[in-house]
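See structure below.
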Amino acid sequence: MTNYEEVFKKIVAHAKEYGFIFQSSELYDGLGAVYDYGPNGVELKNNIRNYWWKSMINMNDNIVGLDSAIFMHPTTWKASGHIDAFNDPLIDNKDSKKRYRADILIEEYMAKIEAKIEKEVKKATKRFGDSFDEEQFVSTNPRVVGYKEKCSSIIKRFARAMSDNDLADVKALIEELGIVCPVSGTKNWTDVRQFNLMFKTQMGSTADGATDLYLRPETAQGIFVNFLNVQKTARMKLPFGIAQTGKAFRNEIVARQFIFRMREFEQMEMQFFVRPGEEMKWYEYWKELRMKWHQSLGMGEDNYRFHDHETLAHYANAAADIEFKFPFGFKELEGIHSRTDFDLKAHQEFSGKKIQYFDPEINESYVPYVVETSIGLDRMFLTVLSHSFREEGLENGESRALLKIPPFLAPLKAAVLPLTKKDGMPKKAREIMRSLQTDFNCQYEEKDSIGKRYRRQDAIGTPFCITVDHQTLDNNTVTLRDRDSMKQERVAVEKLHSIIFEKVNIAKYLS
RNA sequence: GCGAGUGUAGCUCAGGGGUAGAGCAUCACCUUGCCAAGGUGAGGGUCGUGGGUUCAAAUCCCAUCACUCGCUCCA
């Protein structure tokens with residue numbers, strides 16, 4: 001087993017042992033690629049979401065929040081293109097074990113025929129020189145005409161098979177064309193199967209009166225259909241953004257790598273509406289700003305990089321990912337997409353209602369262009385968890401498991417610990433606890449030796465341990481232990497609040 | 001979906017036809033008191049599930065389920 005697999009396994013085990021992440025429905029042997037957040041996990045997740053919300057909405061005058069429903073009118077997904085784009089016919093080669101999209105295999109086959117036509121044309125150009133009439137040649141040359149007829153019959157047959165949902169004929173077509181697997185070179189294919197990435201459900205309790213609905217595969221559409229509502233009621237002027245966080249659902253064929261790729265996941269998205277023609281400027285602006293946001297966490301600038309997309313999604317004219325170095329390599333964490341006016345225009349067409357903005361500066365109405373920033377909250381959680389996890393060797397030869405979470409994101413800010421259960425220390429510790437817990441998430445613990453309690457707090461990333469000892473009862477001071485250095489200093493009880501606040505204050509991260 | 005691997009206590013694992021084990025963890029009490037201490041005791045498993053072979057199955061056989069890793073896609 002390679003080292004990173006080892007480390008990743010440890011992180012997953014640690015996440016369970018300390019109440020961060022449980023597998024969904026574990027009692028019933030689990031549900032694939034669905035996870036629950038435990039007591040510490042939900043705190044960390046909330047803190048990350050809160051940090052994002054503050055930096056995107058509260059710190060930007062021209063971005064407002066929204067919380068749209070998971071269920072949306074079924075036409076939404078026709079307009080957005082998801083019904084077509086999220087529906088792929090797939091086929092496997094049994095020898096190479098590779099999986100292909102059947103439509104792409106057929107396209108590639110036809111590309112080869114096109115190449116043959118081109119070759120014929122080139123040959124003929126050479127032969128006839130200046131007197132060559134290409135148009136006439138391709139419409140009369142028997143070989144070229146044969147190729148063309150073959151192509152159009154393939155297209156027709158494939159289109160008919162897809163619209164009739166006749167997947168057996170798609171397979172038959174692939175077999176008749178003699179398409180082989182590029183890897184194994186064999187024709188040993190499985191049946192073609194249709195994969196729809198959207199979850200389907202019904203609204204209405206009786207079978208005959210029910211409407212088919214989808215669970216949203218992205219939160220963005222809730223923003224687009226509310227564009228006018230928000231723009232008008234919040235009196236927003238372009239350029240401005242609408243942001244929201246929420247669950248999205250994808251019926252992944254292969255959902256793996258812990259919470260990296262889940263079937264139910266949470267997105268944090270912002271759609272920024274701009275004047276047409278200015279989208280590339282804003283695309284670059286948000287690319288840079290979002291990268292800065294990630295790096296502000298201090299988890300290592302080298303652990304982030306951009307990945308510019310070469311092939312674009314159906315809605316985009318430019319797209320880049322911010323990738324993070326997870327234990328299993330650099331993987332996408334956030335996407336920044338220039339979505340053009342694709343979505344708003346589509347909703348305009350499908351709804352038959354005008355979705356436009358009157359721009360007083362240029363005295364013109366238009367459909368705005370959109371630049372999107374879309375980050376997976378669960379993936380963000382995994383970056384924090386996997387980066388902060390470490391096992392440290394100690395001077396006495398033992399080791400401690402430590403989560404070096406940025407303090408303002410830590411599930412608990414402080415643990416209040418009476419050194420012993422005697423001499424009124426628990427009572428004093430509870431008093432201190434009460435004075436802090438309205439502002440900071442704190443935990444009181446008196447079980448086990450003090451060393452053991454320190455280690456437990458290290459393991460969940462608590463920045464401070466406050467220990468009440470005999471001296472506390474004499475002069476109202478406690479020892480304050482720092483998570484990372486393990487150093488302790490004696491401080492007055494009344495200073496605790498300001499010391500903790502200084503350390504966990506979110507303000508210095510929001511620039 | 002295909003291929004490979006793994007399923008025994010909360011965790012890590014041993015046991016491979018004859019009444020279910022260890023360490024750690026949990027709980028109670030005693031002792032101790034600044035970096036995973038010691039003692040005594042307790043709770044917790046129909047060995048993933050179903051079937052077969054056998055006098056007898058956690059163990060052998062078949063099926064099935066779940067998870068992990070690889071292949072496609074994405075936040």
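Keep in mind that this is a model prediction, so the values were computed, not measured.
- Nucleotides B/rG17 and B/rU32 place their C1' atoms 49 Å apart, quoted to the nearest Å.
- Between A/Phe240 and A/Phe273, the ring planes lie tilted relative to each other; the angle falls in the 30° to 60° range.
- Nearest to the side-chain atoms of A/Lys422 among the listed nucleotides B/rC34, B/rC74, B/rG33 stands B/rG33.
- Along RNA chain B, the nucleotide closest to A/Ser374 and the one closest to A/Phe258 are compared, and the more 5′ of them pairs with A/Phe258.
- Taking atom C1' in both B/rG44 and B/rG39, one finds a spacing of 22 Å when rounded to whole Å.
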Dot-bracket notation for RNA chain B, counting Watson-Crick and G-U pairs under 3.5 Å, with | for partners on another strand
((((((((.[[[[.)..(..]]]].(((((.......))))).....[[[[[..)....]]]]])))))))....
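- For A/Arg379, taking side-chain heavy atoms from C-beta onward, the closest of the listed nucleotides B/rA75, B/rC34, B/rU26 is B/rA75.
- With no hydrogens or angles considered, no side-chain donor-acceptor pair links A/Gln221 and A/His82 at under 3.5 Å.
- Base orientation of B/rG16: syn, the glycosidic angle falling within 90° of 0.
- Under the salt bridge (charged side-chain N to carboxylate O under 4.0 Å, His left out) criterion, A/Glu332 pairs with no residue at all, not counting sequence neighbours.
- Across the C1' atoms, B/rG15 and B/rG23 are found 15 Å apart, a figure rounded to whole Å.
- A side-chain N or O of A/Ser338 and one of A/Asn317 form a donor-acceptor pair less than 3.5 Å apart.
- Between A/Phe326 and A/Phe324, the ring planes are perpendicular. Angles over 60° get that label, and only those under 30° would be called parallel.
- A donor and an acceptor atom, one from each side chain of A/Trp52 and A/Thr245, are nowhere located under 3.5 Å apart.
- Side chains of A/Met270 and A/Ile57 form no contact here, defined as non-hydrogen atoms less than 4.5 Å apart.
- Straight-line distance between the P atoms of B/rG7 and B/rC11: roughly 14 Å, to the nearest whole Å.
- A/Tyr35 and A/Asp378 form no side-chain donor-acceptor contact under 3.5 Å, judged by distance and modelled atom types alone.
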Please list every donor-acceptor pair under 3.5 Å in which a side-chain atom of residues 462-475 of chain A meets a protein atom from a residue at least two apart or in another chain.
unit_1	atom_1	unit_2	atom_2	d
A/Thr462	OG1	A/Gln457	OE1	2.6
A/Thr467	OG1	A/Tyr454	OH	2.7
A/Asp469	OD1	A/Gln471	N	3.2
A/Asp469	OD1	A/Thr472	N	3.1
A/Asp469	OD1	A/Thr472	OG1	3.0
A/Asp469	OD1	A/Arg490	NH2	3.3
A/Asp469	OD2	A/Arg490	NH2	2.4
A/His470	NE2	A/Asp423	OD2	3.1
A/Gln471	OE1	A/Arg490	NE	3.3
A/Gln471	OE1	A/Arg490	NH2	3.4
A/Thr472	OG1	A/Asp469	N	2.9
A/Thr472	OG1	A/Asp469	O	3.2
A/Thr472	OG1	A/Thr477	O	2.8
A/Asn475	OD1	A/Thr477	N	3.2
A/Asn475	OD1	A/Thr477	OG1	2.7

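- In this structure, A/Asp469 reaches the bases: a heavy-atom distance under 4.0 Å links it to at least one base atom across the strands shown.
- B/rG5 and B/rC62 have their P atoms separated by 14 Å, given to the nearest Å.
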Give the B/S/- string for nucleotides 39-49 of chain B, one per nucleotide from 5' to 3', where a protein heavy atom under 4.0 Å of the base yields B, of only the sugar-phosphate yields S, and otherwise -.
-----------
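- Atom CD1 in A/Ile48 sits roughly 14 Å away from atom C1' in B/rA75 (whole-Å rounding).
- Contacts of A/Leu333 with the nucleic acid, taken as non-hydrogen atoms under 4.0 Å apart, involve only primed sugar atoms and P, OP1 or OP2.
- Judged purely by distance below 3.5 Å, without hydrogens or angles, the side chains of A/Gln23 and A/Asp36 never pair a donor atom with an acceptor atom.
- Note on A/Tyr35: only backbone sugar-phosphate atoms sit closer than 4.0 angstrom, heavy atoms only; bases stay farther off.
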Please tabulate the protein-to-nucleotide N/O contacts below 3.5 Å involving nucleotides 10-12 of chain B, giving atom names and distances.
unit_1	atom_1	unit_2	atom_2	d
B/rC11	OP1	A/Lys16	NZ	3.0

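- Between the CD1 atom of A/Ile259 and the C1' atom of B/rC74 there is a distance of 16 Å, given to the nearest Å.
- Counting to the nearest Å, the C1' atom of B/rC74 and the NE2 atom of A/His82 are 10 Å from each other.
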Show the numbers, then the answer: is there a side chain to side chain contact (heavy atoms under 4.5 Å, CB included) between A/Arg481 and A/Lys487?
CA-CA 6 Å; A/Arg481 175 186 178 272; A/Lys487 293 226 168 72; over 6 Å; no
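- Taking atom P in both B/rC24 and B/rU40, one finds a spacing of 12 Å when rounded to whole Å.
- Among the atoms of the strands shown, none is found under 4.0 Å from any heavy atom of A/Lys10.
- Taking the ring centre of A/Trp286 as origin, the terminal cationic atom of A/Arg290 falls outside the region bounded by 6.0 Å and 45° from the ring axis.
- In the set B/rA75, B/rC69, B/rC34, B/rC69 carries the atom at the smallest distance from any side-chain atom of A/Phe8.
- Using a 4.0 Å heavy-atom cutoff across all strands shown, A/His337 reaches sugar-phosphate atoms only and no base atom.
- With 3.5 Å as the limit, one finds no donor-acceptor pair spanning the side chains of A/Tyr304 and A/Thr383.
- When heavy atoms are screened at a 4.0 angstrom cut-off, A/Glu334 is found touching the sugar-phosphate backbone but no base atom.
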So A/Arg456 and A/Glu445, salt bridge (Lys or Arg N to Asp or Glu O under 4.0 Å) or not? Walk me through it.
CA-CA 10 Å; A/Arg456 268 207 292 268; A/Glu445 244 198 321; 2.8 Å; yes
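- Nucleotides B/rG48 and B/rC65 have their C1' atoms positioned 7 Å apart, rounded to a whole Å.
- With rounding to whole Å, A/Asp448 atom CG is found 13 Å from B/rG38 atom C1'.
- Using modelled atom types, one finds a donor on one side chain and an acceptor on the other under 3.5 Å when comparing A/Asn476 with A/Lys428.
- In terms of polar N and O atoms assigned as donor or acceptor, the side chain of A/Arg261 comes within less than 3.5 Å of the base of B/rC74 in a complementary pairing.
- Checking B/rC74, B/rC67, B/rC34 against every side-chain atom of A/Thr467, the shortest atom distance belongs to B/rC34.
- Atom C1' of B/rA14 sits at a distance of 29 Å from the matching atom of B/rC55, rounded to the whole Å.
- Side-chain contact annotation: A/Ser68 with A/Gln244, donor-acceptor N/O pair under 3.5 Å present.
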Any N/O pairs under 3.5 Å between the protein and nucleotides 35-37 of chain B? List them or say none.
unit_1	atom_1	unit_2	atom_2	d
B/rC35	O3'	A/Arg455	NH2	3.3
B/rC35	O2'	A/Arg455	NH2	3.1
B/rC35	O2	A/Arg481	NH2	3.3
B/rC35	N3	A/Arg481	NE	2.7
B/rC35	N4	A/Arg481	NE	3.3
B/rC35	N4	A/Met486	O	2.7
B/rC35	N4	A/Gln488	OE1	3.4
B/rA36	OP2	A/Asn396	ND2	3.3
B/rA36	OP2	A/Glu398	OE1	3.4
B/rA36	OP2	A/Arg455	NH2	3.2
B/rA36	N7	A/Arg455	NH1	3.3
B/rA37	OP2	A/Ser449	OG	2.9

